[in-house]
Amino acid sequence: MTESAPAPSTSPASGHRPVRIHPSILSADFANLEAELGRIADADSVHVDIMDNHFVPNLTLGLPVVQRLQQVSPIPLDVHLMIADPDRWAPGYAEAGAASVTFHAEAARAPVRLARELRSLGARAGVALRPATPVEPWLDLLAEMDLLLVMTVEPGFGGQAFLDVMLPKLRRARAAIDGSGAAVALQVDGGVTAETIVAAADAGADVFVAGSSVYGADDAASVIADLRRAAGGC
Ligand code: DX5
Ligand code: ZN
C-alpha cells in the first residue's frame, strides 16, 4: 500500500527547500513493526537500517522483512544498507519496491553501475558517506545519484550523539549540489533531535533521519511535527 510521499513542507529559513522527516525503525519495537509504522504515518518515509555484522558491528534485518514492510507500510521505504557487497545485494531492495536504496561509498565496488541499476529498477539511488569519508571524490558523480547521505554518527547503532564536525562537510555538499543543478536530496542520519536538526538544516540538509528521538517518545507524531518545524518546515 506504499504510495508516493506526501508533498513535503518547505523551509523558508533554508531557501525554500523541502523538509522531509524519515523516522528510523531501528529504534522501534521489532516485535510490533506494523503498529510501529502506524505511529509515524505523518512522516514522509520510513528509514530502514540494514546491517550485516560485517560492514558495521551490528545485525538488524534483511530482505524478507523489508518485503513484508513494503506491503504494510503507509509511507514509502527509505532503505539504508550498511552492508558489505551492496553491488550484489542492493538491487533486491529496489525490486522489493523501496522508494530509495542507499548504499555506502566505502563498500561499493562499482557505484555508478550500481546506482544506474537501482534507478533502472525504479528506486532512487543513494550514496552514504561515513564520517571519515570525504565528500569531494563523489561530487563528480552527483548526476548519477538521487540522494547523498552524510552520516552524522559512525554507522551501526541508534542513540549516538550528533557529530557537529560534519557540518562543514554538509555545507560543501550543499554548495556542490546547488552548483550542479542535479536534483539530489541531502540526508543526515545520526543523533538528529529537535536541537541538532537546526544546525543540520542551516548547513543545507533537507532529509532528516531520526530514530531514538522519534521512537523514544510517547507521542511520535508530535516529535515529527517538532522536527519539521525546527528544520524550518511547516
Ligand atoms: C545508525 C543508523 C541510523 C540510526 C539513527 O547507524 O544508520 O539510521 O537509526 O538513530 P538515532 O537517530 O537514534 O541516532
Ligand atoms: Zn540509517
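Heads up: numbering here begins at 1 and tracks the sequence. In each ligand, atom 1 is the first atom listed, and ligand 1 is the first ligand listed.
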So which atom in [X] and which in [Y] form the shortest heavy-atom distance, rounded to 0.1 Å?
X	Y	value
R119	M145	NH2-O, 3.0 Å
Q187	D78	NE2-OD2, 3.0 Å
P131	P155	CD-CD, 4.1 Å

Is it the case that ligand 1 has an N or O less than 3.5 angstrom from some N or O of H80?
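Yes, there is a polar N/O contact under 3.5 Å.
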
Going by distance only, is there an N or O of S27 that falls short of 3.5 Å from an N or O of ligand 1?
no

How far is [atom] from its nearest protein heavy atom, and which residue and atom is that?
atom	result
atom 10 (O) of ligand 1	G158 CA, 3.5 Å
atom 9 (O) of ligand 1	S24 OG, 2.8 Å
atom 1 (C) of ligand 1	F157 O, 3.5 Å
atom 11 (P) of ligand 1	G159 N, 3.7 Å
atom 13 (O) of ligand 1	S212 OG, 2.6 Å
atom 6 (O) of ligand 1	G156 N, 2.7 Å

To make sure I understand the geometry: which N, O or S atom in D189 is closest to the Zn ion (ligand 2)?
OD2

Using only N, O or S atoms, tell me which atom of H80 is closest to the Zn ion (ligand 2).
ND1

With the threshold set at 4.0 Å, does a side-chain nitrogen-carboxylate oxygen contact exist between [X] and [Y]?
X	Y	value
R68	E34	no
R228	D42	no
R39	D219	no

Close-contact set for ligand 1 against [X] heavy atoms, below 4.0 Å:
X	value
H47	8 (O)
G190	14 (O)
A210	12 (O)
V209	8 (O)
M82	6 (O), 7 (O)

So, applying side-chain contact (heavy atoms from CB on, under 4.5 Å) with V46, which one of P76, P74, S73 is it?
S73

If you stand at the Zn ion (ligand 2) and look out to NE2 of H47 and OD1 of D49, what angle do those two lines make, to 10°?
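The angle at the Zn ion (ligand 2) comes to 90°, rounded to the nearest 10°.
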
Counting N and O atoms only, with roles assigned by atom type, does the side chain of Y215 sit under 3.5 Å from a partner on the main chain of A220, one being a donor and the other an acceptor?
no

S24 side chain to G211 backbone, donor-acceptor under 3.5 Å:
no

Heavy-atom proximity to atom 8 (O) of ligand 1, best of T196, D189, T193:
D189

Which option wins on minimum heavy-atom distance to atom 14 (O) of ligand 1: G191, P155, G211, A161?
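Residue with the shortest heavy-atom distance to the ligand atom: G191.
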
Regarding H22 and D44, is there a side-chain donor-to-acceptor distance under 3.5 Å anywhere?
no

Looking only at side-chain N and O atoms, does D49 offer a donor or acceptor that is under 3.5 Å from a partner on T60?
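There is no such pair between these side chains.
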
